[in-house]
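One structure is given here, and the rest of the page talks about it.
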Amino acid sequence: LQYTAMGDTINLASRLEGINKTYGTAILVSQTTAARCGDAFAFRKVDTVQAKGRTESVTVYELVSARSGVPARPMVETVA
């Protein structure tokens with residue numbers, strides 16, 4: 001079986017991954033993703049960019065850290 005993720009959200013995530021090189025960052029997220037994380041993580045506003053293939057600009061944030069007191073989620077492994 002092959003699984004493929006498609007759509008605007010996945011396309012934007014891919015573009016942000018490439019934009020990391022420009023800013024020397026490791027993880028960039030959109031304003032929507034940062035907002036959905038609530039207070040669990042600390043983000044730093046980086047810039048407002050126009051990702052390739054999009055007509056609207058997107059404000060991007062760098063993931064800085066988990067907020068203190070928020071336990072890291074353990075990695076879950078799936079055994080087939």
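Positions are given from 1, in the same order as the sequence printed here.
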Thr48: which residues meet the side chain to side chain donor-acceptor pair (under 3.5 Å) condition with it, sequence neighbours left out?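 Per chain and number, Thr48 pairs via side chain to side chain donor-acceptor pair (under 3.5 Å) with Thr59.
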Taking only residues two or more places apart in sequence or in another chain, which ones pass side chain to side chain donor-acceptor pair (under 3.5 Å) with Thr9?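 For Thr9 there are no side chain to side chain donor-acceptor pair (under 3.5 Å) partners, ignoring immediate neighbours.
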According to salt bridge (Lys or Arg N to Asp or Glu O under 4.0 Å), does anything in [range] pair up with another residue at least two apart or in another chain? List the pairs.
range: residues 47-63; answer: Asp8-Arg54, Arg44-Glu62
range: residues 11-24; answer: none
range: residues 27-38; answer: none

Hydrophobic cluster of Ile19, others only, ordered by chain and residue number, side-chain cut-off 4.5 Å: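 ILVMFWY cluster around Ile19 also holds Leu12, Leu16, Tyr23, Leu28, Val46, Val49, Val58, Val60.
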Distance in Å, Thr25 OG1 paired with Tyr61 OH, rounded so as to fall on 0.5 Å steps: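 Interatomic distance, Thr25 OG1 to Tyr61 OH, rounded to 0.5 Å: 14.5 Å.
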In chain order, what residues pass the side chain to side chain contact (heavy atoms under 4.5 Å, CB included) check against Ile27, with sequence neighbours excluded?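 With neighbours one apart ignored, the set is Val29, Leu63.
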List the residues meeting side chain to side chain contact (heavy atoms under 4.5 Å, CB included) with Ala35, not counting sequence neighbours, and say none if there are none.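 So Ala35 forms no side chain to side chain contact (heavy atoms under 4.5 Å, CB included) with any residue.
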Side chains of Phe43 and Cys37, heavy atoms from C-beta outward: is any pair under 4.5 Å?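 Yes, close enough: below the 4.5 Å cut-off.
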